[in-house]
2 protein chains.
Amino acid sequence: MSPARTTAGAPISSIGRGIAVLGCFNERRRALTLSELSEKSLLPMSSTHRVVAELVTGGFLVRGSDRRYRIGTRVWSIGQLAPVSDQLRHRALPTLARLYEETGENITLAVLDRGQALYVDRIGGERSVHTASRAGGHLPLHTTGVGKVLLAWQSPEAIEKYLSRPLSRTTPYSIVDPVKLKTELNETKTRGYAIARQESTAGNGSVAVPILRGGRCVAALGVVAHLTHMDIPRLVDVLQQAADSIRKELEDDH
Amino acid sequence: MSPARTTAGAPISSIGRGIAVLGCFNERRRALTLSELSEKSLLPMSSTHRVVAELVTGGFLVRGSDRRYRIGTRVWSIGQLAPVSDQLRHRALPTLARLYEETGENITLAVLDRGQALYVDRIGGERSVHTASRAGGHLPLHTTGVGKVLLAWQSPEAIEKYLSRPLSRTTPYSIVDPVKLKTELNETKTRGYAIARQESTAGNGSVAVPILRGGRCVAALGVVAHLTHMDIPRLVDVLQQAADSIRKELEDDH
DNA sequence: AAATAGGTTCCAATGACCGGAACTCTACTC
DNA sequence: GAGTAGAGTTCCGGTCATTGGAACCTATTT
């Protein structure tokens, strides 16, 4: 029998296979059949079947009456213990709520995660525009305000590495030229905040500022709004105050 | 070499081991050293070391500068896709917020998970009392309002099974006698709501109602408050309205 | 009734996983 | 700064859990 390896050829551990199966799920695909899991995880059906059964036993997957698998409650429960939820999210929440009251626009908080912007929280409602971001979801680093901030405050090497890979185009306004993006990132870091104009969603723009701790950018705070009613100077002002307030909150205890 | 098995003697899969390691974390212990993980997971140090390394590679664990391991952001991110978060929590949130505005007390939403009450959400603040519940955390089924509701609406067999195991005592007021608890559960189901008086936290009481879908209790909605200012009839009234509103919300789209 | 797709079980072969032991590193103590 | 304890890491031979192809179910469609 051939050893444990993906079709790509790289050997992979049993635990890696389990994680690969769990990683098949995303916002678009929250309920998957066994075949779909087998296809996406690149594992043979029989292997997928066994891995899935073990994940179900452990409470990491649940099988619905529709024969589809969904992420189990236990993953959610354990995930609540992650520092990003337990520390950042909880401490920032009151400030995010206040920002929303002040602006009436969508407020987003994101961190860098595996080369993408991970949305830790999003506060907003019918009063504001519809956005692509969603708590727990990922978006590219070069098409949103928070993404640009997270990238701009990275080390030059990390930035180069990001620029070396092809940049996805989400809208016609997305900056996909590495040279232009590099200039944009430099400007962002110099002026202290990022702006995105219809680079992620048509009609929407965003402004974002970093939350800095010890020189490192631990998160980015942003506002998403219709380009037409975006008072940038005012938004930058309230955002920077809020970022400062979150930073202090984080410093308070450890 | 002996096969893969816990000290208890039962064989366990590699994936089971990974889950066992992740299961070592809880609200009290969010950062664990390798030795602690080895001790709690009942795995030998060398095995723990390997499993942990694989989980780190997969982004399910992170190693801090303090040499302690924490739950990785990726678990949080994937956990957001669990139906309990994605469906129940998001849909119920506005109603919970409204309930909080109306009562000024801690509002809790819980589901049954592995024989315990899993707190899906908790809204409250300085205006109200301090409670033991926390989003993502578990509490026993027999010492809280929401717990009693979740248990009372279970099948008679499931209730018997729960009663057959020893009942933990959290406070001197906790009901730990199976016969008394059974009576309490019957009363709870008949009257349509549960009451708990200092059974979980001294000085606090709670009232809870079920959220029913197709006869099944899919969640429990509760209020926690000082026993002295608990207007039970009024709380039951607002809770039942809110539960109904959440039920409709859940029915709206599939 | 046949065909198709999706899901499950079986099983021989084997190499990934297992954990004891040896070793290294770190943090104290004296 | 030598000594020591504890934590963490690496090594490695043996073995059995894991693997995936194949066969087998079971709905659903034609």
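Chain A is the first sequence line, chain B the second, and so forth, proteins listed ahead of strands; every chain is numbered from 1.
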Is the distance from OP1 or OP2 of [N] to the nearest side-chain N or O of [X] less than 4.0 Å?
X	N	answer
Arg50(A)	dG7(C)	no
Arg17(A)	dC17(C)	no
His49(B)	dG8(D)	no

To the nearest Å, give me how far apart [atom1] ([X]) and [atom2] ([N]) are.
X	N	atom1	atom2	answer
Leu43(B)	dA7(D)	CG	C1'	17 Å
Glu39(A)	dG6(C)	CD	P	10 Å
Arg68(A)	dA27(D)	CZ	P	18 Å
Asp66(A)	dT28(D)	CG	P	13 Å
Leu37(B)	dA7(D)	CG	P	13 Å
Arg63(B)	dT9(D)	CZ	P	4 Å
Glu54(B)	dT9(D)	CD	P	14 Å

Which listed nucleotide (dT10(D), dG21(D), dG8(D)) is nearest to the side chain of Pro44(A)?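 Comparing dT10(D), dG21(D), dG8(D) against the side chain of Pro44(A), the answer is dG21(D).
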
Which one, dT9(D), dT10(D), dT9(C), comes nearest to the side chain of Ser46(A)?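 The closest nucleotide is dT9(C).
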
Are there over 12 heavy-atom neighbours, none belonging to [X], within less than 6.0 Å of that residue's [atom1]?
X	atom1	value
Arg63(B)	CZ	yes
Arg216(A)	CZ	no
Glu39(A)	CD	no

Using heavy-atom distances to pick each residue's nearest nucleotide on DNA chain C, tell me which of Ser35(A) and Arg67(B) is more 5'. Ser35(A)

Backbone of Gly58(B) reached by a side-chain donor or acceptor of Arg74(B) within 3.5 Å: yes

Taking Arg30(B) for the side chain and Glu27(B) for the main chain, is one N or O donor matched with an acceptor at less than 3.5 Å? yes

Please tell me which of Ser14(A) and Leu34(B) maps to the more 5' nucleotide of DNA chain D, matching each residue to the nucleotide holding its nearest heavy atom.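 The residue closer to the strand's 5' end, by nearest nucleotide, is Leu34(B).
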
Mapping Ser47(A) and Met45(B) to their closest nucleotides on DNA chain D, which lands nearer the 5' end?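 Going by which nucleotide is closer to the 5' end, it is Met45(B).
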
